[in-house]
Every structure is written in C-alpha cells, then in structure tokens.
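One structure is given here, and the rest of the page talks about it.
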Amino acid sequence: MWRDKIMNRKNLCILIIFILLSAGIVIYTKYNFKHVDNHALFQNGLYSFFASEKDTINNFEGMTYENMYDLENFFIDDKVKSLKDLEENSEYILIVSSNQYPEFKGNGIINNCQIKKVIKGEEVKEGQNIKIYDLVALWNNNGSVYLGGSTPLKREKEYLVFLKNTKNANIINSYVYTSVKYGHISVSEKGKILENYKQNSLNLEEISNYDFVFPEGTSKESIREYNMIYSEIWDKYKE
C-alpha cells in the first residue's frame with residue numbers, strides 16, 4: 001500500500017513538472033519567436049539573382065543556379081523557341097492574381113493566388129486559391145536571391161502563369177513555374193523588362209514592377225530574342 005502511495009506521489013510530481021515545463025516552453029516561444037514581417041522584407045530586402053549556365057553574364061564568380069541547386073533540365077527554357085513551346089511543355093496555364101504580400105517560409109517565398117481563368121490544366125478551377133513558389137535560391141532580412149532574372153509578383157495585378165506541380169512539397173495546392181524567363185507575364189497591363197540591372201540596387205517591391213530582369217552587359221540580341229516571345233504571349237493573352 002505504502003509503495004503504491006509513493007509511486008502515485010512520484011507520478012504526480014512528474015506530471016506537475018511536465019506541465020510546468022510545457023507551460024514554460026509555450027511562454028518562452030510566445031515572447032521570443034520573431035514573427036516574419038512579410039511587408040518589411042518586401043519593402044527592405046534587396047533583389048539579386050544567380051545566372052543560368054547558359055547566360056553570358058554572371059555576377060557571382062561563375063556560380064549558376066543549375067549547378068548549385070541541381071536544377072539541370074528542371075525548367076524548360078532551353079526548349080522555348082515560341083509561345084507554342086511554352087504551352088505544350090506546361091502542365092497548367094492560368095490567369096491569377098494576388099492581393100497580399102507573399103509568405104517568406106523556410107527557404108522559399110510563396111505567393112497566395114486566386115485563379116481568375118483556367119486555360120490549361122486539370123484538377124484546378126476558376127476561383128480556386130493556389131500557392132505558387134517564387135523562383136528563389138535563398139532569402140534573409142537583407143534581401144533575396146532569385147533564379148536567372150525572375151521576379152516576384154506584384155499585388156493586385158493579373159498574370160498569365162505557366163506552371164507545373166511541385167515535387168515533394170510540404171504544402172498542398174502548390175505549384176512552380178515551368179520557365180524562369182516566361183513563368184509569369186503581366187496581362188492586366190503590359191509588363192516591363194528591366195535592362196542593365198546592377199545587383200542589389202532595388203528592393204523586392206521595386207523589382208516587382210518588372211516581369212523580367214537582365215543584368216548589366218546583356219547583349220541586345222539576347223534581349224531582342226526575349227522580347228520576341230514576350231510579345232507573342234502578350235498579343236495572345238492580354239486582357
């Protein structure tokens with residue numbers, strides 16, 4: 001009997017200690033966890049990007065996103081010679097918009113978008129909310145490094161997006177652009193292309209005014225080739 005009483009008291013003490021520790025952890029987390037301020041990061045974080053191995057201009061001592069992140073053949077840019085190539089090699093073609101800042105989560109930046117129109121793709125429908133990953137290598141409080149001149153979406157604008165399903169993502173209803181250069185194209189108004197960009201000279205809010213960015217020294221021929229396909233997309237899908 002006395003042994004049972006001792007054991008019951010011991011178990012009660014363990015339970016009380018566990019409850020106190022749990023409460024302490026909750027209180028500590030509440031007051032010490034630093035909330036990610038998406039607005040501040042978007043306003044203050046500077047924009048830069050890693051080049052592709054196909055690019056002639058590289059501002060990061062030869063480092064390319066394909067080699068650094070094992071993205072060889074992940075995007076379809078090498079196959080894109082016309083709008084038809086984009087359409088055939090994308091699982092989804094949608095018109096979407098977002099009215100909020102993206103989420104800065106883990107190593108990624110994620111856009112919460114609403115589908116305005118489905119042009120291609122099964123299991124998605126108009127009015128559905130989906131998440132689209134920005135093409136980001138990394139981010140911190142000082143800035144974000146994107147892939148190959150891709151840019152963040154601007155709030156309240158409508159975009160034509162070329163997408164595919166994410167692989168091994170922890171977030172449901174999430175998608176990624178099929179193309180770095182043509183992943184999203186503004187259709188509510190003709191998008192702007194930024195030429196001769198100096199790395200880390202604009203913040204994310206400012207860079208979201210552009211659909212694509214070319215670094216300093218990019219050849220006129222490369223820009224002309226981009227604009228040719230861009231114009232083809234705009235002429236077909238502009239709102």
Side-chain angles (χ1 to χ4, degrees), residues 49-56 64-98 102 108-111 113-126 128-137 146-153 157-169 171-188 190-191 193 210-214 218-219 221-239:
F49 60 89
F50 287 125
S52 167
E53 61 186 13
K54 309 296 190 305
D55 294 333
T56 56
T64 67
Y65 64 75
E66 290 97 341
N67 293 331
M68 294 176 65
Y69 299 99
D70 193 26
L71 292 173
E72 189 72 36
N73 301 318
F74 185 83
F75 300 106
I76 65 172
D77 293 84
D78 285 348
K79 301 177 182 177
V80 177
K81 306 300 179 185
S82 67
L83 171 57
K84 183 179 178 182
D85 296 327
L86 272 169
E87 293 171 331
E88 290 181 347
N89 288 282
S90 297
E91 295 177 47
Y92 304 89
I93 304 173
L94 312 172
I95 292 179
V96 303
S97 68
S98 177
I109 299 178
I110 306 164
N111 299 285
C113 296
Q114 184 180 64
I115 298 174
K116 301 295 184 180
K117 184 177 181 180
V118 177
I119 298 169
K120 178 183 178 182
E122 299 180 358
E123 300 179 359
V124 292
K125 60 184 179 180
E126 185 176 316
Q128 180 180 344
N129 294 318
I130 63 172
K131 296 182 181 293
I132 302 176
Y133 280 86
D134 268 1
L135 300 185
V136 174
Y146 276 65
L147 306 185
S150 59
T151 61
L153 300 182
K157 287 179 67 173
E158 292 191 355
Y159 290 91
L160 176 76
V161 292
F162 297 92
L163 304 173
K164 62 180 176 179
N165 289 303
T166 53
K167 304 297 183 184
N168 303 317
I171 300 176
I172 62 172
N173 294 328
S174 61
Y175 304 84
V176 66
Y177 300 117
T178 57
S179 166
V180 174
K181 289 184 176 180
Y182 307 102
H184 63 74
I185 300 292
S186 172
V187 291
S188 52
K190 192 164 187 179
I193 311 304
Y210 301 92
D211 280 2
F212 194 72
V213 175
F214 288 99
T218 303
S219 70
E221 178 62 19
S222 295
I223 296 173
R224 186 193 68 80
E225 291 175 356
Y226 174 90
N227 283 329
M228 183 176 64
I229 297 177
Y230 186 97
S231 295
E232 189 180 0
I233 298 169
W234 167 258
D235 289 341
K236 180 174 180 178
Y237 289 106
K238 62 186 175 184
E239 289 292 282

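Numbers for residues simply follow the sequence, beginning at 1. Small disclaimer: the values here were computed from a predicted structure and weren't measured.
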Checklist entry - If you measure only the distance, is there a donor-acceptor pair under 3.5 Å linking the side chains of Asn173 and Asn129? => result no
Checklist entry - For atom CD of Glu122, is the number of surrounding heavy atoms from other residues, nucleotides or ligands below 6.0 Å larger than 12? => result no
Item to check | Distance, nearest 0.5 Å, that separates CZ of Phe50 from OG1 of Thr64 | outcome: 9.5 Å
Item to check | Side-chain heavy atoms of Ile95 within contact of Val187, under 4.5 Å | outcome: yes
Checklist entry - Is there a side-chain contact between Val180 and Tyr65 (heavy atoms, below 4.5 Å)? => result yes
Checklist entry - Taking the side chain as C-beta and beyond, is there a heavy-atom pair between Ser90 and Val161 under 4.5 Å? => result no
Next on the checklist: Any side-chain to backbone donor/acceptor pair from Gln128 onto Lys125? Under 3.5 Å, distance only.
Outcome noted: yes
Checklist outcome for this item: Output for pair (His184 NE2, Leu163 CG), nearest 0.5 Å, gives 10.5 Å
Item to check | Leu147/Val136 under side-chain contact (heavy atoms from CB on, under 4.5 Å): CA gap, chis, key distance, verdict | outcome: CA-CA 6 Å; Leu147 306 185; Val136 174; over 6 Å; no
Item to check | Glu91 versus Lys164, closest heavy-atom pair with distance | outcome: OE2-CB, 3.3 Å
Item to check | Short side-chain donor-acceptor distance under 3.5 Å, Asp55 and Ser52 | outcome: no
Checklist entry - Tell me, do Tyr177 and Ser150 make a side-chain contact under 4.5 Å, heavy atoms counted? => result no
Item to check | Minimum heavy-atom distance between Val96 and Ile115, given as atom pair plus value | outcome: CG1-CA, 4.2 Å
Checklist entry - Do Ile171 and Ile110 have side-chain heavy atoms sitting under 4.5 Å apart? => result yes
Next on the checklist: Quick check: closest heavy atoms across Gly191 and Asp211, and the distance to 0.1 Å?
Outcome noted: CA-OD2, 3.6 Å
Item to check | Side-chain heavy-atom pair Val124, Leu94 within 4.5 angstrom cut-off | outcome: yes
Checklist entry - About how many Å separate OG1 of Thr178 and CG of Asp77, when rounded to the nearest 0.5 Å? => result 8.0 Å
Item to check | Distance flag, aromatic centroids of Phe212 and Phe214, threshold under 6.0 Å | outcome: yes
Checklist entry - Which distance, rounded to the nearest 0.5 Å, do you find between the CD of Glu232 and the NZ of Lys84? => result 11.0 Å
Item to check | Full working for side-chain contact (heavy atoms from CB on, under 4.5 Å) between Ile233 and Leu160 | outcome: CA-CA 9 Å; Ile233 298 169; Leu160 176 76; 3.5 Å; yes
Checklist entry - Should we count NZ of Lys117 as having more than 12 external heavy atoms under 6.0 Å? => result no
Checklist entry - Within 45° of the six-membered ring axis of Phe162 and under 6.0 Å from that ring's centre, is NZ or CZ of Lys120 located there? => result no
Checklist entry - For Asn111 and Ser98, does a side-chain donor sit closer than 3.5 Å to a side-chain acceptor? => result no
Next on the checklist: Between Glu158 and Lys116, does the side-chain contact (heavy atoms from CB on, under 4.5 Å) criterion hold? Intermediate values first, please.
Outcome noted: CA-CA 8 Å; Glu158 292 191 355; Lys116 301 295 184 180; 3.9 Å; yes
Checklist entry - Is there a donor-acceptor contact under 3.5 Å from the side chain of Ser231 to the main chain of Asn227? => result yes
Checklist entry - Does CG belonging to Asp70 count more than 12 external heavy atoms closer than 6.0 Å? => result no
Checklist entry - What's the verdict on side-chain contact (heavy atoms from CB on, under 4.5 Å) for Val213 and Phe49, showing C-alpha distance, side-chain angles and the deciding distance? => result CA-CA 9 Å; Val213 175; Phe49 60 89; 3.7 Å; yes
Checklist outcome for this item: All heavy atoms of Asp85 vs all of Ile76, minimum pair found to be O-CD1, 4.4 Å
Next on the checklist: Testing the basics here: between Ala137 and Tyr69, what is the closest heavy-atom pair and its distance to 0.1 Å?
Outcome noted: CB-OH, 3.5 Å
Checklist entry - If we only count heavy atoms from C-beta on, is the Tyr237 to Leu83 side-chain gap below 4.5 Å? => result yes
Checklist outcome for this item: The reported gap from CD1 in Ile193 to CD1 in Ile223 (rounded to nearest 0.5 angstrom) is 9.5 Å
Item to check | Glu87 side, atom CD; Ser82 side, atom OG - distance, nearest 0.5 Å | outcome: 8.0 Å
Checklist entry - Regarding Tyr92 and Asn165, is there a side-chain donor-to-acceptor distance under 3.5 Å anywhere? => result yes
Checklist entry - Is there a side-chain contact between Tyr159 and Ser186, using heavy atoms and a 4.5 Å cut-off? => result yes
Checklist entry - Is the Tyr182 to Tyr226 ring centre distance short of 6.0 Å? => result yes
